[in-house]
There are 2 protein chains.
Amino acid sequence: MTPPASPRLLEHPAREEILLESVLHALSDAVRLRIVRELAAAETALSCSHFVLPVTKSTTTHHFRVLREAGVIRQDYQGTAKLNGLRREDLDALFPGLLDTVLAAAEAQSARAEDAPAGPLTATASD
Amino acid sequence: MTPPASPRLLEHPAREEILLESVLHALSDAVRLRIVRELAAAETALSCSHFVLPVTKSTTTHHFRVLREAGVIRQDYQGTAKLNGLRREDLDALFPGLLDTVLAAAEAQSARAEDAPAGPLTATASD
DNA sequence: CTCGTAGTTTGACATTCACCGTACTACGAT
DNA sequence: ATCGTAGTACGGTGAATGTCAAACTACGAG
């Protein structure tokens, strides 16, 4: 039986266990989508503390866990830090193009938001 | 005040109001994903009653509303029926390729599920 | 050994969600 | 006018979600 040898081992779903619904759900939160975008941009594993998020540490932990359990990211301990990396290969194999398309969509939406900072619901100067 | 003039008008978000997060959330439910897949396959508007779903009428109404409010489908009354159609143009304009990619991913996952009906978690004969 | 940093866990809380049953409204046919 | 069919609205319930604060665990440095 596995002794308490490795204290820091995290459970990841196998590739075949990854469900589209879970992945979409994981990506449907603004904070998590942001995390995934940064991870994709970095093209390398990043520690949790690298991210500046508008939530507390515990909430950050929660979001990373949702991403990991959905199979979107892989988390490995590296000493006291935890490295997070996108599971690109697995996702691309299961759902070809999905990740890139969502990433591109997020980019597009971001760009639109910057073009209209006040938003169409806020009076811009016509008040 | 507004008279009971048009009794059957449904609110839809304008194209620019559609949010990626909401779309992903709408698609992250199995029942709704199924609805969207049927709608995409039909390539024409379908009435709610056309769908055979494992939930009651009220829950069906709920799911269609989530899809409509997220901007995924358009609903129009046609007499006593309500026709549901995918907002392909809007979605493709906002998030190019997203809908098709998700649809393809759903197909792929479906196909995998059929290949292994018992699932990798159930002993198939090695017991 | 002690301390600080990184991250987790637990418990709480308000919100949202998926789901149901029942009562209701709109429309078309009789 | 009456009835049946399509779908909505209105509660209500149990589970999940996003959030936080506070206490805790692991690791590296001094």
Side-chain angles (χ1 to χ4, degrees), chain A residues 3-12 19 21-36 38-39 45-70 72-85, chain B residues 2-12 19-36 38-39 45-70 72-85:
Chain A
S6 26
R8 310 269 87 178
L9 272 188
L10 296 164
E11 291 211 357
H12 292 79
L19 288 178
E21 291 88 334
S22 305
V23 171
L24 294 178
H25 172 247
L27 296 176
S28 73
D29 179 273
V31 174
R32 290 193 292 260
L33 190 51
R34 184 163 151 181
I35 291 173
V36 170
E38 280 195 51
L39 241 24
L46 297 174
S47 74
C48 294
S49 54
H50 173 270
F51 295 85
V52 184
L53 300 171
V55 291
T56 65
K57 270 197 304 178
S58 20
T59 305
T60 300
T61 297
H62 162 68
H63 285 308
F64 274 105
R65 172 158 35 167
V66 171
L67 287 170
R68 171 169 48 85
E69 291 180 346
V72 178
I73 67 171
R74 164 156 283 123
Q75 299 190 289
D76 300 291
Y77 279 101
Q78 189 90 10
T80 173
K82 186 149 81 174
L83 293 188
N84 306 281
Chain B
T2 51
S6 26
R8 309 270 85 180
L9 273 188
L10 296 164
E11 292 211 355
H12 292 79
L19 289 177
L20 176 61
E21 291 89 334
S22 306
V23 171
L24 293 178
H25 173 247
L27 296 176
S28 73
D29 179 273
V31 174
R32 291 192 292 262
L33 189 53
R34 182 164 152 180
I35 291 173
V36 170
E38 279 197 51
L39 243 22
L46 297 174
S47 74
C48 295
S49 53
H50 172 270
F51 295 85
V52 184
L53 300 171
V55 292
T56 64
K57 270 200 301 179
S58 20
T59 305
T60 301
T61 297
H62 161 69
H63 284 307
F64 274 104
R65 173 157 32 169
V66 172
L67 287 170
R68 169 168 49 85
E69 292 180 346
V72 177
I73 67 171
R74 178 175 307 280
Q75 300 190 289
D76 299 292
Y77 279 101
Q78 189 90 9
T80 174
K82 185 150 82 172
L83 293 188
N84 305 280

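Computed from a prediction, not measured in an experiment: that's the story for all the values here. Computed over heavy atoms, backbone and side chain alike; hydrogens, waters and symmetry mates excluded. Below, chain A is the first sequence line, B the second, and so on; all start at residue 1.
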On the nucleotide [N], are OP1 or OP2 found under 4.0 Å from the side-chain N or O atoms that [X] carries?
X     : N      : result
B/R32 : C/dA18 : yes
B/H62 : D/dA9  : no
A/T59 : D/dG18 : no

Measure [atom1]/[X] against [atom2]/[N] and give the value in whole Å, please.
X     : N      : atom1 : atom2 : result
B/L83 : D/dA6  : CG    : C1'   : 12 Å
A/L53 : D/dT19 : CG    : C1'   : 13 Å
B/F64 : C/dC19 : CZ    : P     : 13 Å
B/K57 : D/dT5  : NZ    : P     : 10 Å

query = Quick one: are A/H25 and A/R32 in side-chain contact, heavy atoms under 4.5 Å?
reply = yes
query = When rounded to the nearest 0.5 angstrom, what distance separates CD in B/E69 from CD in B/Q75?
reply = 9.5 Å
ask   = To the nearest 0.5 Å, what is the distance between CG (A/L67) and OG (A/S22)?
value =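 With rounding to 0.5 Å, CG (A/L67) is 11.5 Å from OG (A/S22).
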request  = With the side chain of A/S58 defined as its heavy atoms from C-beta on, choose the nearest nucleotide among D/dT19, D/dA22, C/dC20.
outcome  =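 Looking only at heavy atoms from C-beta outward on A/S58, the closest nucleotide is D/dA22.
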message = Nearest to the A/T61 side chain among C/dT9, D/dG18, C/dA18, which nucleotide is it?
response =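 Of the options given, the side chain of A/T61 lies nearest C/dT9.
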